[in-house]
Amino acid sequence: MDRFAEVDDQYDPHELEGRIFDYWDDVDAYEQTVEHRSDGETYFFVDGPPYTSGSAHMGTTWNKSLKDVYIRFLRMQGYDVTDRPGYDMHGLPIETRVEERLGFENKKDIEEFGEENFIQECKDYANEQLEGLQSDFQDFGVWMDWDDPYRTVSPEYMEAAWWGFSKAADRDLVEKGHRSISQCPRCETAIANNEVEYEDVEDPSIYVAFDLEDREGKVVIWTTTPWTIPANTFVAVDEEGEYVGVRAEKDGTDELLYVAEPKHEAVLKAGRYDDYEVVEELTGEDLIGWSYEHPLSEEVPDHPDHEGACEVYAADYVDTHGDGTGLVHSAPGHGEEDFERGRELGFPIFCPVGGDGVYTDDAGAYEGQYVKEANEEIISDLEENGSMLAAETTTHSYGHCWRCDTGIVQIVTDQWFITITDVKDELLENIGESQWYPDWARDNRFRDFVEDAPDWNVSRQRYWGIPLPVWTPEERAEPRDDGDESRARDDEEMIVISTREELAERVDQDVDPETVDLHKDTVDDLTITEDGTTYTRVPDVFDVWLDSSVATWGTLDFPEDDSRFEELWPADLILEAHDQTRGWFWSQLGMGTAALGQSPYEQVLMHGHALMPDGRAMSKSKDILVDPHEAIDRHGRDVMRTFLLSNNPQGDDMRFSWDGMQTMENHLRTLWNVFRFPLPYMRLDGFDPTETTLESVESDLEALDEWILARLQSTKAEMTEHLEEFRQDRALEALLEFVVEDVSRFYVQAVRERMWEEEDSASKRAAYATIYRVLRETVVLLAPYAPFVSEEIYGTLTGDDGHDTVHMEDWPTVDDRFVDDRLETDVAFLRAIEEAGANARQQAGRKLRWPVPRVVIAADDDRVIDAVSRHTGLLEDRLNAREIEVVSAEDRWEELAYSAEADMSELGPAFGGRAGEVMNALNEARIDEPDLAALEDAVADVLEDGESAEQRSAEDSGGDEPRAQLEESMVSFVTETPEEIAGTAFGFDGDDHGVVYVDASLTEDIESEGYAREVIRRVQEMRKDLELDVEERIVLDLEIDDDRVADLVAQRDGLVREEVRADEIRDVADDDGHRKEWDVEGVEMTIAIEPLATPEASD
RNA sequence: GGGCCAAUAGCUCAAUCAGGUUGAGCGCCACUCUGAUAAGGUGGAGGCUCUCGGUUCAAAUCCGAGUUGGCCCA
């Protein structure tokens, strides 16, 4: 780019961003930036792999923007940052999408299609989805290593998972278990608890009475899953709960029912009994040991009838105040709690349901039926045999498969676990090793989650995943689900393979470790024969959460490539949304601890979700979303990024806002305007920043130059501090405030006249050097947020002198030479005074272009007097005042009246309950002298006896309880502006520091300048109408009706001619030039201008 | 049903940790300015600080109970 090249008049994000993409390509900007830091200290960032489904949504966009801003910032600080993006490409979601595509309904369809073909389809689909995400992320301007993302389906990555699992096995944390799990009957696989989604559904709600044996009566249970009744093994009660026996009457017959006392009314109502009577009161303990007859003993001949079955037991999951009857139907085959209790009781587990949700032959009459469809028949069977007390329906939340939305069933199957409960203490300890932002996420939410976490079921009975690297002896490969616990355990004899090389060495077949694909279709055929035993592979694949859990070493291609693991691991930073506490934050901690005894990450930045403008959650499936592509279409990438990054990244959700987007565009446009303003002048004057450096003009710097440079230093310091605390939103706020408030609204406004000077001057050069430094550092500070516009500005400012890209720049550090806190405070005062002065002027009806003879500043403290006296000239300029006068607090104007403001922190403790009343009186008081005695007089009527100083001294001898009294420290006196003077209080940070009085009286000299400036302004407007060049000379024709005014303007003839570049003042013919009538403060004037013919170019 | 987080101006947030007369930006209305101008300036309207209790002389702030939203868990 050429230095100071012509730039667009208007900030046009789309064209600019397109241009910058091309430029980055041309100069290999990303590659150069990475190379530039290759010798730096390493920083190991790990990308949490998004699941490859569809395109990027606003949440992902926010996430990647956050990653990008911190990676760029760290690079600028000199770090060699690991930035390999990743994609999570296995798992049920892709399988179900591919099944839909192929029109499949269940596993049989897949088997017919062929495992190999199906896996290939999944691979193709995942790669297709990946492309969409890749191009989106690149389009957002995110700089990561897009040429080489890690993919969880690649052999190296899958090997990383095998390695991690084998390390856990080495530590004896891998176990095959016969356990109660959630099963999706459609997908025919176990799913993890965190894959279960709950939604409200209508289900049967039945009360069933089990006939007691050996005694009269029935125990009543309640369930919403009639299909689990065939597997009923026992009934559970709360040992300490209160129960009653109720004799209930219906249709002339009566029966004795046992239920929990708190529930008996509801139960009997449900049973529509005509009348009832409590005949017995018992505790849960009394019921224990009662035996009953299985309610479906005829239909299910194989029902549990072992020793101890069909009896009442105590269980801690029973609540006599909750849903149901206080007696819980328990089927260890269909629920985790029941299962655990059943185990404790030493019962065999009866589960007559297969992985497809269909009853097996154990279910007798119901064999072959899908469980939910069997509900009806079971209900009618129960009604027929007289067990049904009431059959209703109820709406409650029930678990569903997260992918296909099928209702889950609880069954007992063989699964493989990582027994993280064995290392729970280590997990909790490792939590403490990581630093979280915000910290409460770790100490509350995450710790709770980890404390409650059960063993990790890592096996899935599916196809598209990383196969378990487990081989077990062939002869023991018995069918699962048989509930037979007597056979030898597979996990005692298993072989766990850790790498491709080990695989090639140990399997019976010829395998090339370089080329082998580790998917199920390949490895299923491999066998291992050792010591005369043949081992076959366990057919399961891993839970997809296991894939990403190994990302910290998978990213490094470890163990295949062991060159960087030692140096880099564990990760310095991971950065994801709060839903990952149960997901990736957890799975990584679990795997890191199980495999390596350590947390795999040191810092966690946890952000929130992107919400709709009205606060609803975004949802792709319900089409409730803001598409990032639309945001880009409307405002561009830099605006979208800065908007997203202006939100708190720690824990809070972000509400998307089109208003917020527009505001960011306005801010960036302000920066653009600030940037392009000095360019024409710099070009014209041949300003060369490499020669006219800030250092070379240091002695010519004016107060405002020094001030804006001081502000730049504080802004850098503040931003760095915020960014290091992961609050890029606050850093951005500081930067934008600097750009908008300080640079644009104050510095540029003030410095414009210096740049308009035609002659070369030290002042102008100092201004150029100053604004050049400010702009150049500003775009470096902005570069991580808005990489496109920063690049364009940087390129235009530096030409060939800088790096090829702003992103190679070092993060700007504070330059001590320009730090000046006193000056910053001074200007803060001056700006407050100026603002108040503008206000006072408006009250006095005097525009800024009319000078005022005198501005009086009544200062409350010496700090203000110092500031004003150091910068009187500047203040005269800014307020357009001929003279500035300062009046100190001691030398106050006698015209002024005073009131008092109460300091509640002093008044409150002294006056107690009456403090509010006293405060109001003080605020309303008007006194001539700001002293306590006058004030006490003014508020005498609200003060009680003994509360004023006078009364105190009179009663001093009394020795009563001391009464409160007004003290100097309780009040501060405030000036009240007299009507004839325009005055406005000024202050900042909420404190008043004085009052600005504008004396708006007129003199001839002032009127002369005022009218002259009115004329100048109008001529300038007319020049603009004609689109004249700034330098172009004109002829001016001025006709003013009012002779006095005409004379006043004539006195400033020289000023007018110079400002409007009029070489001649004479008549302009009606036909020539540009003529306009004006009304200036009630005076009619006609102005005509005509450009002078450009003289022949002469050397 | 349980845990965590949030709730303050029309919108986005600050002030909450350490109690002391609620603030900023954006938006809106009026006026104003005009050689960076799709800008800028001044003023104005706009708040039972989600509700109800409690502690305290004093609560947006501390405590308890609830409401609504988000996430997580069951």
Side-chain angles (χ1 to χ4, degrees), chain A residues 9-11 193-194 196 198 319 322-323 336 396-397 399 438 440-441 443-449 452-453 577-583 586 606 608-609 611 613-617 643 646-648 650-660 662-667 669-681 729-730 733 736-737 740-741 744-746 748-749 752 755-756 834-836 838-843 847-849 901-916 919-920 922-923 964 984 989-990 1017-1018 1020-1021 1023-1024 1028-1030 1059-1061:
Chain A
D9 278 356
Q10 310 234 324
Y11 171 50
N193 285 337
N194 60 22
V196 178
Y198 289 82
D319 174 10
D323 292 337
E336 209 171 317
H396 66 146
S397 84
W440 54 256
D443 295 328
N444 300 334
R445 185 191 279 234
F446 193 53
R447 191 176 295 276
D448 290 352
F449 182 84
D452 295 343
H578 47 37
D579 56 344
Q580 297 302 334
T581 37
R582 72 163 185 179
W586 158 241
M606 185 193 88
H609 279 180
L611 305 181
D614 60 9
R616 284 176 303 166
F643 169 75
S646 70
N647 285 278
N648 183 349
Q650 296 191 17
D652 287 349
D653 288 337
M654 170 206 59
R655 253 195 225 203
F656 188 84
S657 154
W658 290 109
D659 258 6
Q662 185 59 56
T663 302
M664 280 302 156
E665 186 177 332
N666 292 347
H667 289 334
R669 180 181 301 113
T670 299
L671 173 69
W672 184 260
N673 287 337
V674 166
F675 147 70
R676 80 184 185 87
F677 150 72
L679 293 182
Y681 309 105
D729 57 321
R730 292 190 161 155
E733 199 187 340
L736 291 177
E737 183 171 329
V740 174
E741 288 293 332
S744 172
R745 291 187 188 162
F746 199 73
V748 167
Q749 286 292 340
R752 287 195 298 182
M755 299 211 179
W756 294 341
E834 184 188 338
E835 190 180 318
N839 184 333
R841 268 178 166 278
Q842 187 155 324
Q843 283 180 44
K847 301 173 193 169
L848 188 59
R849 76 168 80 91
E901 278 189 5
D903 181 348
M904 288 308 286
S905 61
E906 298 282 344
L907 206 61
F911 283 88
R914 304 187 44 251
M919 176 193 79
N920 286 333
L922 291 173
N923 286 350
T984 301
D989 290 347
R1017 197 226 22 95
R1018 285 166 178 78
Q1020 300 290 27
E1021 194 172 320
R1023 286 181 62 107
K1024 209 173 165 190
L1028 295 186
D1029 193 79
V1030 177
E1059 291 288 319
V1060 305
R1061 290 178 166 73

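Each chain gets a letter, A, B and so on, in the order the sequences are listed, and its residues count up from 1.
Using a 4.0 Å heavy-atom distance criterion, A:Glu733 is classed as making no nucleic acid contact. Among the protein residues, A:Ser646 comes within range of no part of the nucleic acid, since none of its heavy atoms lies under 4.0 Å from any strand.
Nearest-nucleotide positions on RNA chain B place A:Asn648 closer to the 5' end than the other of A:Asn648 and A:Arg669. Heavy-atom distances to RNA chain B give each of A:Arg676 and A:Trp440 a nearest nucleotide, and the one nearer the 5′ end belongs to A:Trp440.
As rounded to the nearest Å, B:rA60 and B:rG23 have C1' atoms that lie 12 Å from one another. Spacing between B:rU49 and B:rA14 at atom C1', rounded to whole Å, works out to 13 Å. Comparing the same atom, P, in B:rG41 and in B:rC4 gives a spacing of 45 Å after rounding to whole Å. Taking the C1' atoms as reference points, B:rA7 lies 32 Å from B:rG43, given to the whole Å. B:rG47 and B:rU67: their P atoms are spaced 28 Å apart (whole Å). Between B:rU12 and B:rC28, the distance separating the two C1' atoms is 16 Å to the nearest Å. Atom name P, nucleotides B:rU42 and B:rG53: the rounded distance is 43 Å, in whole Å. Taking the P atoms as reference points, B:rG10 lies 22 Å from B:rA6, given to the whole Å.
The two residues A:Gly399 and A:Val196 have their closest heavy-atom pair at CA-CG1, 3.5 Å. Across all non-hydrogen atoms, the minimal contact from A:Phe643 to A:Arg655 is CZ-O, 3.7 Å.
Between the CG atom of A:Asp652 and the C1' atom of B:rU16 there is a distance of 14 Å, rounded to whole Å. Rounded to a whole Å, the CG atom of A:Leu671 is 16 Å from the P atom of B:rA36. Taking atom CG of residue A:Asp659 and atom P of nucleotide B:rC28, one finds them 9 Å apart after rounding to whole Å. Atom-to-atom, CG of A:Asn666 to P of B:rC26 comes out at 9 Å; the value is rounded to the nearest Å. Nucleotide B:rA39 holds its P atom 10 Å from the CD atom of A:Gln10, rounded to whole Å. Note: CZ (A:Phe677) to C1' (B:rU34) measures 14 Å, nearest angstrom. As a whole-Å value, the separation of A:Arg1017 CZ from B:rU32 P is 11 Å. For the pair A:Phe446 CZ and B:rC73 C1', the interatomic distance rounds to 14 Å; values are reported in whole Å.
Summarising the base pairing, B:rG46 is matched to no nucleotide, lacking a Watson-Crick or G-U wobble pair whose two defining distances lie under 3.5 Å. Shown here, B:rC11 forms a base pair with B:rG25; the pair counts as Watson-Crick or G-U wobble because both key distances fall under 3.5 Å. Figure legend. B:rU37 is base-paired to no nucleotide; pairs are counted as Watson-Crick or G-U wobble with both atom distances under 3.5 Å. In this structure, B:rU16 forms no base pair with any nucleotide, since neither Watson-Crick nor G-U wobble geometry is met with both distances under 3.5 Å. With a cut-off of 3.5 Å on both Watson-Crick or G-U wobble distances, the partner of B:rG53 is given as B:rC63. Nucleotide B:rG1 has B:rC73 as its partner under the Watson-Crick or G-U criteria, with both atom distances under 3.5 Å. Across every strand in view, B:rU68 sits in a pair with B:rA6 that passes the Watson-Crick or G-U test at under 3.5 angstrom.
The base of B:rC71 sits with one of its N or O atoms less than 3.5 Å from a complementary donor or acceptor on the side chain of A:Arg445. On a pure distance criterion of 3.5 Å, no polar donor-acceptor pair joins the side chain of A:Thr670 and the base of B:rA36.
Residue A:Glu737 places its CD atom among 12 or fewer non-hydrogen atoms of other residues, nucleotides or ligands, all under 6.0 Å distant.
The aromatic rings of A:Phe446 and A:Trp586 lie perpendicular to each other, with more than 60° between the two planes, well past the 30° mark.
At a threshold of 4.5 Å between non-hydrogen side-chain atoms, the residues A:Leu736 and A:Met664 count as touching. A 4.5 Å side-chain heavy-atom check between A:Arg752 and A:Tyr681 finds every atom pair outside the cut-off.
Side-chain proximity of A:Asp653 to B:rC11, B:rG70, B:rG35: nearest is B:rG70. In this structure, the nucleotide among B:rA36, B:rC73, B:rG70 sitting nearest to the side chain of A:Phe449 is B:rC73. Ranking B:rC13, B:rC71, B:rA36 by closeness to the A:Asn647 side chain, first place goes to B:rC13. In this structure, the nucleotide among B:rC71, B:rC73, B:rG41 sitting nearest to the side chain of A:Arg745 is B:rG41.
Of the possible donor and acceptor atoms, one in the side chain of A:Thr581 sits under 3.5 Å from a partner among the backbone N and O of A:His578. Put simply, the side chain of A:Asp653 gets close to the backbone of A:His609: a donor and an acceptor are under 3.5 Å apart.
Between A:Arg752 and B:rA36 there is a side-chain N or O to OP1 or OP2 distance below 4.0 Å. Look at A:Arg655 and you'll find a side-chain N or O under 4.0 angstrom from OP1 or OP2 of B:rU12. Contact annotation: A:Tyr681 does not reach the phosphate of B:rG35 (side-chain N/O to OP1 or OP2, under 4.0 Å). When the side-chain nitrogen and oxygen atoms of A:Gln1020 are compared with OP1 and OP2 of B:rG35, none of them lie within a distance under 4.0 Å.
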